[in-house]
Amino acid sequence: MSSWQRTHTCGELRDAHIGQAVTLNGWVNTFRAYPDQVFLDLRDRYGVTQVVVEADRPEIFKLAAETRGEWVLSITGRVRERMIGSEKKHNTKLATGAIEVLAEDLRVLNRCPTPPFEVFSVPQEGHTFGEPELANEDLRLQYRYLDLRRPTLQRTLAMRHRLNKVIRDSLDAQGFLELETPLLGRSTPEGARDYLVPSRVSLGSWYALPQSPQLYKQILMVAGYDKYFQIARCLRDEDLRADRQPEFTQLDLEMSFVEIDDVFRVIEQLAVDVFQRCLGVTIKTPLPRLKYAEAMLKYGSDKPDLRYGLEIVDVGDIALQTEFQAFRGTLEAGGAVRALNASGAADKFSRKQIDELAEIVKRSGGKGCAWVKVEAEKFAGGIEKFLTGNPLTPNPSPAEGRGGAIQQQLRERLNAKAGDLLLFVADKEDVVCQALGTLRTHLASVLKLYDPNALDYKIAWVLDFPSFIWDDEEKRWAANHHPFTAPMDEDLTKLESDPGSVKAKAYDLIINGYECGGGSIRIHNPEVQSRLFKVLGMSDELARSRFGFLLDALQFGAPPHGGIALGLDRWAMMLARTSNIRDVIAFPKNQKARDLMTGAPAAVDAKQLKELGL
RNA sequence: GGGGACGUAGCUCAAUUGGUUAGAGCACCGGACUGUCGAUCCGGAGGUUGCGGGUUCGAGUCCCGUCGUCCUCGCCA
């Protein structure tokens with residue numbers, strides 16, 4: 001008797017194999033039973049192959065007729081062309097559609113009960129696979145091994161493998177060493193909440209799982225490993241989002257004797273390699289650079305989606321000429337009035353939909369959203385009646401009538417034409433940014449300003465971040481990035497006198513509206529580090545108690561160094577074109593950080609707790 | 001911790017204003033069928049409408065609570 005083990009995969013056989021004896025292993029994708037023959041589509045991660053079992057082999061025909069979806073089979077038989085008489089009957093929707101395997105032996109390697117949801121894949125045009133309607137995600141997470149059989153998820157995880165491989169190849173070629181750092185480490189008080197692990201041999205003491213290998217990698221620089229990287233698991237006990245998991249993977253990277261441009265060159269080469277070798281997409285370098293302040297002004301976000309324009313425009317100077325108190329009052333109180341031109345949207349949005357836009361603004365902390373429709377000769381609706389001249393200033397263009405000049409200025413500033421919808425938000429500047437930024441992404445999605453399925457990637461650097469942000473609750477300056485981020489050289493003199501104006505040598509990498517990486521040049525000078533801690537309201541003693549081991553290391557000949565961490569789950573999301581991080585992780589946790597398959601986190605034995613002194 | 005959406009057959013969904021016996025497609029079971037290919041056709045079985053309470057002559061539908069899932073704000077140096 002021949003072996004049950006496969007000679008070929010289910011995606012492999014072509015007309016060149018016709019006449020060969022083969023063995024296939026796989027899962028029953030679909031089956032079609034006739035009185036005299038049974039067709040079984042056998043699936044593995046390479047594809048689907050049709051198997052025919054005919055009634056003249058009664059011993060296997062009976063088995064084949066019993067077979068159901070997701071049973072695991074071994075089929076031995078002969079490859080033949082799909083024919084009826086002398087007529088070709090190829091299935092052009094299937095990569096293996098020119099052939100089928102006529103079964104001579106069939107072994108059931110394992111049976112399967114009716115699955116809780118449908119797993120099978122459906123061939124579609126272009127020899128790819130479609131899928132049945134997806135079941136609820138929590139059900140799919142509970143039976144993750146079934147969900148993972150879906151070709152889409154199998155392709156995504158294969159893409160993720162490729163991403164890791166390209167990263168290792170590219171960084172190896174660029175002279176980097178892949179080094180590992182501990183999972184059991186020391187809790188450092190700033191940043192996210194730690195996941196804690198109790199120590200059995202030191203009762204009452206705790207390890208913390210790493211939020212990132214940040215401190216270790218800086219110490220590796222002190223130790224002379226001048227080009228380091230690691231594909232590192234990071235853990236943060238914070239509330240989750242569609243693009244956040246409690247444990248996630250970063251490409252962690254650090255270099256010595258570098259400035260910003262050196263880090264950028266390495267990552268740009270890496271981005272080129274990743275997109276070329278994972279998707280065949282060519283990324284042009286150097287990548288565009290966007291100043292933080294410019295990003296906030298034009299896009300209302302520090303991670304703008306650059307696949308579309310729809311830029312925010314400041315209209316404060318024009319708004320000041322109106323009689324509209326909502327505008328004038330805000331401006332006189334030091335706020336801002338800015339606008340978006342939703343081009344061509346005037347007829348697309350009902351009054352109700354415009355009200356929904358105002359709701360979005362309110363959710364972002366704004367008071368609301370003013371709007372006006374642009375017609376050929378004039379504005380209409382919304383705040384049109386308020387866009388008249390201020391009686392205290394002479395009308396610069398009497399011929400156009402009161403308001404004509406203001407409307408003309410807005411037309412020019414916003415590049416408006418008939419059919420456009422203008423949206424205004426007046427508020428404190430940070431609220432205006434937040435509200436219009438949210439509105440911008442919403443409008444782009446509704447107005448279909450980009451194709452979410454296209455191989456369209458807009459990658460850019462954001463830099464010139466402020467070093468500090470004022471923490472209003474704690475009444476102190478807080479580190480915007482982390483407290484080891486170097487300030488810009490020219491701002492060092494302002495560290496104590498004007499912390500709010502100090503810019504950091506920090507940078508983010510953004511792809512299509514997602515923050516996909518962030519890093520900085522670090523402080524390597526103990527004196528600067530000490531001054532920075534003081535700005536943060538941290539005494540030398542306090543800093544020493546928290547980060548003493550790093551400060552010690554920096555004393556012993558630390559080279560200038562800097563690096564970056566890339567969020568690989570988000571990179572995988574970009575490559576797979578999904579907005580759900582759980583789609584790119586084999587065994588993800590749900591929004592409450594639970595693993596619905598294993599049931600973690602779960603209670604443990606009292607004995608275990610006792611051993612740990614808990 | 002706050003806001004929002006959802007929860008009906010194994011799965012995806014429907015069920016008019018609160019009104020008869022809660023329906024459909026897929027899956028499942030049985031039958032028919034000589035080449036199907038997400039086969040087709042015929043038939044069958046399948047329901048504590050998440051759970052608990054309330055209002056009502058009457059609740060899938062309304063109210064309160066609770067559990068679960070997702071999205072989001074806070075949070076994530």
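A note on names: the letters A, B, ... follow the listed sequences, proteins ahead of strands, and every chain is numbered from 1. Computed from a predicted model, the values in this text were never measured in an experiment.
- A donor-acceptor pair shorter than 3.5 Å cannot be found between the side chains of R78(A) and H17(A).
- With both pairing distances under 3.5 Å, G68(B) is matched to C6(B) as a Watson-Crick or G-U wobble pair.
- Contact annotation: N590(A) side-chain N/O to U69(B) OP1/OP2 distance is under 4.0 Å.
- No contact: A478(A) has no heavy atom under 4.0 Å from any strand.
- Between the OG1 atom of T30(A) and the CZ atom of F39(A) there is a distance of 11.0 Å, given to the nearest 0.5 Å.
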Check the interface with nucleotides 23-25 of chain B: list each N/O to N/O pair with the protein under 3.5 Å, or write none.
none

Tabulate protein N/O versus nucleotide N/O from nucleotides 1-3 of chain B, keeping only pairs under 3.5 Å, one per line.
{"unit_1": "G1(B)", "atom_1": "O6", "unit_2": "D239(A)", "atom_2": "OD2", "d": "3.3"}

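- Contacts of R80(A) with the nucleic acid, taken as non-hydrogen atoms under 4.0 Å apart, include base atoms.
- Among the protein residues, R546(A) comes within range of no part of the nucleic acid, since none of its heavy atoms lies under 4.0 Å from any strand.
- Here R140(A) lies out of heavy-atom contact (under 4.0 Å) with every strand.
- There is a side-chain donor-acceptor pair under 3.5 Å between D194(A) and S187(A).
- Within the structure, a side-chain polar atom (N or O) of N136(A) is placed less than 4.0 Å from OP1 or OP2 of U12(B).
- Here G25(B) sits opposite C11(B) as a Watson-Crick or G-U wobble pair (both hydrogen-bonding atom distances under 3.5 Å).
- In this model, a side-chain donor or acceptor of Q50(A) finds a partner on the base of U36(B) within 3.5 Å.
- Counting non-hydrogen atoms under 4.0 angstrom, P116(A) reaches the backbone sugars and phosphates but no base.
- Here, G23(B) and U55(B) have their P atoms 29 Å apart, quoted to the whole Å.
- R244(A) contributes no side-chain N or O that forms a donor-acceptor pair with the base of G74(B) under 3.5 Å.
- Counting only heavy atoms from C-beta on, R68(A) has its side chain closest to G30(B) among G38(B), G30(B), G68(B).
- Between K93(A) and G38(B) there is a side-chain N or O to OP1 or OP2 distance below 4.0 Å.
- Heavy atoms of E54(A) sit under 4.0 angstrom from at least one base atom.
- The distance from atom OG of S364(A) to atom CG of L439(A), rounded to the nearest 0.5 Å, is 8.0 Å.
- Remark: Q211(A) is not in phosphate contact with C76(B), judged by side-chain N or O atoms under 4.0 Å from OP1 or OP2.
- Applying the side-chain hydrogen bond (donor to acceptor under 3.5 Å, both in side chains) test to every pair with at least one member in residues 584-593 of chain A, sequence neighbours left out, gives these pairs: E247(A)-K589(A).
- The partner of U56(B), taking Watson-Crick or G-U wobble pairs whose two distances both stay under 3.5 Å, does not exist in any strand shown.
- Proximity of the aromatic rings of W71(A) and W27(A) is defined here by a centroid distance below 6.0 angstrom, and this criterion is not met.
- Using a 4.0 Å cut-off between charged nitrogen and carboxylate oxygen, R570(A) and D243(A) count as a salt-bridge pair.
- For G74(B), there is no paired base (Watson-Crick or G-U wobble, both distances below 3.5 Å).
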